[in-house]
Amino acid sequence: MKNFTSLALLCAVVCTSTLLISCDKADPTTRPKEQLIVGNWEIGRIQLKVFYGGVFVKDTILKQAPRPKNYANFDANGGFAYKWNLNAADIGTYQFKGTDSVITNAIPNAYRWKMLTLTEDIFTVMNTTTNEPLYPGATVERYHTFIR
């Protein structure tokens, strides 16, 4: 009976070790943001939250009309391109500000985004403005969801 217990214990240790070693994968989010952001991102959606006088009044998702594709591209050398429902892309550069913001200097538009999520497959950002042409006089939070 002692041999059976020892054999069962040895089997359990070997199986557990094998599972732990084979399931250990590197966490992609441990890569720095400077590496994770690089590449072409499809714009999955743009969501607006509208406030008048600090009171929430509307939550909407902007309709996509890609020509032929809506995207943001961040290259490893700081180059940036952004295209949303237009024939031509805004082209410029980007840089990180602090630990949670990315700022672009694109022509004709500049973008200032607070980064909410950044992984291999999803990148979410938001910005707040009081100059949204669709909602004059409102404070608008604009959320972008980029996907690969």
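Quick caveat, the model's predicted, so the values are computed rather than measured.
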- Is there a path from Met115 to Trp41 through hydrophobic residues (I, L, V, M, F, W, Y) whose side chains come within less than 4.5 Å of each other? yes
- Item | Side chain Asn77, main chain Gly79, donor-acceptor under 3.5 Å | no
- Note on the structure: Looking only at heavy atoms, the pair that brings Asn73 and Asn40 closest together is ND2-OD1, 3.4 Å
- Message: Rounded at 0.5 Å granularity, tell me how far CD1 in Ile46 sits from OG1 in Thr60.
- Response: 11.5 Å
- Query: Can you get from Val50 to Phe56 by hopping between Ile, Leu, Val, Met, Phe, Trp and Tyr side chains that sit under 4.5 Å apart?
  - Reply: no
- Query: Between the main-chain N or O of Arg67 and the side-chain N or O of Lys83, is there a donor-acceptor pair closer than 3.5 Å?
  - Reply: yes
- Item | Ring-face cation contact, Phe96 with Lys33, 6.0 Å cut, 45° max | yes
- Item | By ring-ring contact (aromatic ring centres under 6.0 Å, His included) - contacts of Tyr52 (at least two apart) | none
- Less than 6.0 Å separating the ring centroids of Trp113 and Phe146? yes
- Can you get from Ile43 to Ile147 by hopping between Ile, Leu, Val, Met, Phe, Trp and Tyr side chains that sit under 4.5 Å apart? no
- Tyr94: what forms a side chain to side chain donor-acceptor pair (under 3.5 Å) with it, not counting sequence neighbours? none
- Task: With sequence neighbours excluded, tell me which residues meet side chain to side chain donor-acceptor pair (under 3.5 Å) with Gln47.
- Result: Arg45, Asp59
- Trp84, Tyr82, Phe123 screened by ring pair (Phe, Tyr, Trp, His ring centres under 6.0 Å) with His144, the one that passes: Tyr82
- Task: Assess whether atom CZ of Arg112 is packed by more than 12 heavy atoms of other residues, nucleotides or ligands within 6.0 Å.
- Result: no
- Atom pair CG/CZ of Leu118 and Arg31 - distance to nearest 0.5 Å: 9.0 Å
- Query: Between atom CZ of Phe80 and atom CZ of Phe74, what is the distance when rounded to the nearest 0.5 Å?
  - Reply: 5.0 Å
Distance-only criterion, 3.5 Å: show the donor-acceptor pairs between side-chain atoms of residues 100-111 and protein atoms not counting sequence neighbours.
| residue | atom | partner | partner atom | Å |
| --- | --- | --- | --- | --- |
| Thr104 | OG1 | Tyr111 | N | 2.9 |
| Thr104 | OG1 | Tyr111 | O | 3.4 |
| Asn109 | ND2 | Asp90 | OD2 | 3.1 |
| Tyr111 | OH | Asp90 | OD2 | 2.5 |

- Query: Among the clusters formed by ILVMFWY side chains lying less than 4.5 Å apart, do Val57 and Val140 turn up in the same one?
  - Reply: yes
- Search all heavy atoms of Asn85 against all heavy atoms of Pro66 and return the closest pair with its distance. OD1-N, 3.7 Å
- Message: side-chain contact (heavy atoms from CB on, under 4.5 Å), that's the test. Do Leu134 and Leu48 meet it? Break it down for me.
- Response: CA-CA 10 Å; Leu134 295 173; Leu48 303 181; 4.2 Å; yes
- Item | Residues in side-chain contact (heavy atoms from CB on, under 4.5 Å) contact with Thr128, at least two apart in sequence or another chain | Met126, Thr139, Glu141
- Task: Can you measure from CD (Gln35) to CD (Glu120) and round to the nearest 0.5 angstrom?
- Result: 9.5 Å
- Under the side-chain contact (heavy atoms from CB on, under 4.5 Å) rule, collect the residues that match up with Thr117, sequence neighbours excluded. Thr119, Ile122, Thr124
